[in-house]
Amino acid sequence: MTVQAGPSTAETLPDHIVRRYRDQGFVHVPNVLSEDEVAAFRAASDELLRKETPTIWGADEAEAQVHYIEEAWLKSDTLRGLALHPRLIGLARRLAGGPLRLYSSDVLVKKPREALPTLVHDDEAGLPLANLSRTLTAWVALVDVPVERGCLSYVPGSHLRPDSDRQIRMESFADYRPMEEVWPDFPWRPRVSVPLRAGDVAFHHFRTVHMAGPNTTDVPRMAHGVIYADEEATYQPGVQDQYLTHFQPGQRLGGEKFPPVG
């Protein structure tokens with residue numbers, strides 16, 4: 001579902017769009033960032049990519065789906081401004097319906113003519129967190145992302161499926177199971193592709209099943225994935241928990257690396 005008109009702020013987001021997000025598990029909000037902001041955030045992302053070798057999402061370079069840099073907001077003052085952008089936070093808080101804290105902010109690049117499709121997944125299994133219900137991802141486009149460039153596709157309402165059809169937790173990426181194995185009804189569920197213009201944001205619930213196609217264009221797909229977790233989120237040992245090892249299992253997140261927002 002796309003918001004069609006008006007400035008993209010929490011104050012002007014219609015109630016029916018919020019309801020649609022909670023029913024469908026995703027929403028497309030255009031024009032969250034201005035052209036100048038997009039240019040600044042893209043330049044800062046390019047600079048970070050020059051300074052740091054990205055991590056590969058995939059077994060190796062030949063099987064890479066996405067190249068990413070974790071914790072981007074802690075490595076760039078400009079990108080800190082993106083993760084803590086008042087419009088982004090305001091929209092996330094309104095859609096979630098409760099207090100949140102910043103959990104992570106990653107630069108996401110899908111290389112042109114090289115990157116494979118992004119596997120079908122939801123974000124729940126890869127989060128080493130518990131006490132979640134409102135957690136969501138803001139997927140911020142920093143270039144135009146048509147279907148051919150690997151925009152995200154979502155399975156409407158998939159965040160509401162029962163626990164029996166969810167892979168709730170992974171100890172490592174080796175634990176990943178194909179979605180059709182976890183959720184036998186998945187192959188028969190419709191998917192909705194959400195192409196974005198630079199500056200648009202797609203928000204999705206952490207349990208919403210999503211995927212992305214390859215980038216068949218000549219332009220790198222560049223975006224930021226910003227995860228806002230429930231303010232009451234606690235540490236639960238699991239995959240990608242290297243930034244949480246100073247917390248005890250069950251301990252509530254906090255401190256400068258996981259600030260409350262909104």
Side-chain angles (χ1 to χ4, degrees), residues 2-3 7-10 13 26-58 64-92 95 102-118 123 136-154 193-204 208 210-228 261:
T2 302
V3 182
S8 298
T9 65
L13 198 63
F26 66 96
V27 69
H28 167 200
V29 184
N31 304 315
V32 175
L33 303 178
S34 69
E35 289 185 11
D36 288 344
E37 288 173 325
V38 168
F41 295 139
R42 188 167 60 234
S45 300
D46 283 332
E47 181 180 2
L48 192 56
L49 286 162
R50 286 192 295 270
K51 290 180 177 178
E52 184 170 326
T53 301
T55 302
I56 299 172
W57 189 1
Q65 302 167 37
V66 176
H67 290 74
Y68 63 97
I69 294 180
E70 298 176 298
E71 303 300 316
W73 78 284
L74 295 173
K75 300 171 181 177
S76 163
D77 288 342
T78 301
L79 298 179
R80 179 184 181 88
L82 172 57
L84 297 175
H85 197 296
R87 287 197 294 278
L88 203 61
I89 289 171
L91 289 163
L95 292 169
L102 177 59
Y103 175 68
S104 67
S105 162
D106 298 344
V107 180
L108 306 170
V109 178
K110 189 177 277 287
K111 290 188 175 182
R113 309 286 180 182
E114 294 182 21
L116 300 178
T118 304
D123 295 337
L136 76 170
T137 295
W139 203 89
V140 185
L142 295 183
V143 296
D144 290 346
V145 186
V147 172
E148 295 78 12
R149 198 162 286 150
C151 73
L152 296 191
S153 296
Y154 301 99
S193 295
V194 182
L196 305 176
R197 294 284 192 181
D200 292 0
V201 179
F203 292 89
H204 65 260
T208 300
H210 57 285
M211 64 219 77
N215 180 359
T216 61
T217 74
D218 295 322
V219 176
R221 190 204 74 180
M222 179 179 287
H224 272 252
V226 186
I227 296 179
Y228 299 103
V261 295

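The figures that follow rest on heavy atoms only: side chains count, while hydrogens, waters and symmetry mates do not.
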Q) Which atom pair, heavy atoms only, marks the closest approach of Leu102 to Ala83? A) CD2-CB, 4.0 Å
Q) Taking it one step at a time, do Val194 and Cys151 satisfy side-chain contact (heavy atoms from CB on, under 4.5 Å)? A) CA-CA 6 Å; Val194 182; Cys151 73; 5.5 Å; no
Q. Between atom CG of Asp106 and atom CD1 of Ile69, what is the distance when rounded to the nearest 0.5 Å?
A. 9.5 Å
Q) Looking at CZ of Phe41 and CG of Leu79, how far apart are the two atoms once the value is rounded to the nearest 0.5 Å? A) 7.5 Å
Q: Look up atom OH in Tyr68 and atom OG1 in Thr55, then write down how far apart they are to the nearest 0.5 Å.
A: 5.0 Å
Q: Going by the side-chain contact (heavy atoms from CB on, under 4.5 Å) test, name the single residue among Val143, Val147, Leu142 that passes it with Val145.
A: Val143
**Q.** Considering all heavy atoms, the nearest Ala40-Thr78 contact
**A.** O-CG2, 3.9 Å
Q: Name all residues meeting the ring-ring contact (aromatic ring centres under 6.0 Å, His included) criterion together with Tyr103; count only those two or more places apart in sequence or in a different chain, and write none if there are none.
A: Phe258
(Q) Do His85 and Ile89 have side chains that approach each other closer than 4.5 Å (heavy atoms only, starting at C-beta)? (A) no
**Q.** Contact summary for Leu108 and Gly225, nearest pair of heavy atoms
**A.** CD1-N, 3.6 Å
Q.
Could you check whether Glu71 pairs with Arg80 (Lys NZ or Arg NE/NH1/NH2 to Asp/Glu carboxylate O, under 4.0 Å)?
A. no
Q) Among all residues two or more places apart in sequence or in another chain, which pass the side-chain hydrogen bond (donor to acceptor under 3.5 Å, both in side chains) test with Glu52? A) Lys75
Q) Do Asp200 and Val29 come within less than 4.5 Å of each other through their side chains, counting heavy atoms only? A) no
(Q) Please find the pair of heavy atoms, one from Ala141 and one from Ala223, that lie closest to each other, and give the distance. (A) CA-CB, 4.4 Å
Q | Inter- and intrachain pairs under side chain to side chain donor-acceptor pair (under 3.5 Å), touching residues 212-226, at least two apart | A | Ser45-His224, Arg113-Asp218, Arg149-Thr217, Asn215-Thr217
Q) Would a 4.5 Å heavy-atom cut-off, applied to side chains only, mark Leu88 and Tyr228 as touching? A) yes
Q) Taking only residues two or more places apart in sequence, or in another chain, which ones meet Asp144 in a side-chain hydrogen bond (donor to acceptor under 3.5 Å, both in side chains)? A) Arg197
Q: For the residue pair Val201 and Leu91, establish whether any side-chain heavy-atom pair is separated by less than 4.5 Å.
A: no
**Q.** Atom pair CH2 (Trp73) and CG (Leu82), whose distance is rounded to the nearest 0.5 Å
**A.** 12.0 Å
Q: Establish, yes or no, whether a centroid distance under 6.0 Å links the rings of Phe26 and His210.
A: no
Q | Closest heavy-atom pair and its distance - Gly150, Ala212 | A | O-CB, 3.5 Å
Q.
Is there a side-chain contact between Arg87 and Glu37 in this structure, where contact means two heavy atoms from C-beta onward sitting under 4.5 Å apart?
A. yes
**Q.** Results of side-chain hydrogen bond (donor to acceptor under 3.5 Å, both in side chains) for Glu47 - residues two or more places apart only
**A.** Lys51
Q | Test item: Val32 and Val140 side chains (from C-beta on) under 4.5 Å apart, heavy atoms | A | no
Q: Kindly say whether Val66 contributes a backbone atom to a donor-acceptor pair with the side chain of Lys111 at under 3.5 angstrom?
A: no
Q.
The criterion is side-chain hydrogen bond (donor to acceptor under 3.5 Å, both in side chains); which residues satisfy it with Thr137, sequence neighbours excluded?
A. Asp123
Q. If every non-hydrogen atom of Ala138 is compared with every non-hydrogen atom of Phe203, which pair is closest and at what distance?
A. CB-CE2, 3.6 Å
Q.
When you compare the side chain of Pro220 with that of Met222, does any pair of heavy atoms fall below 4.5 Å?
A. no
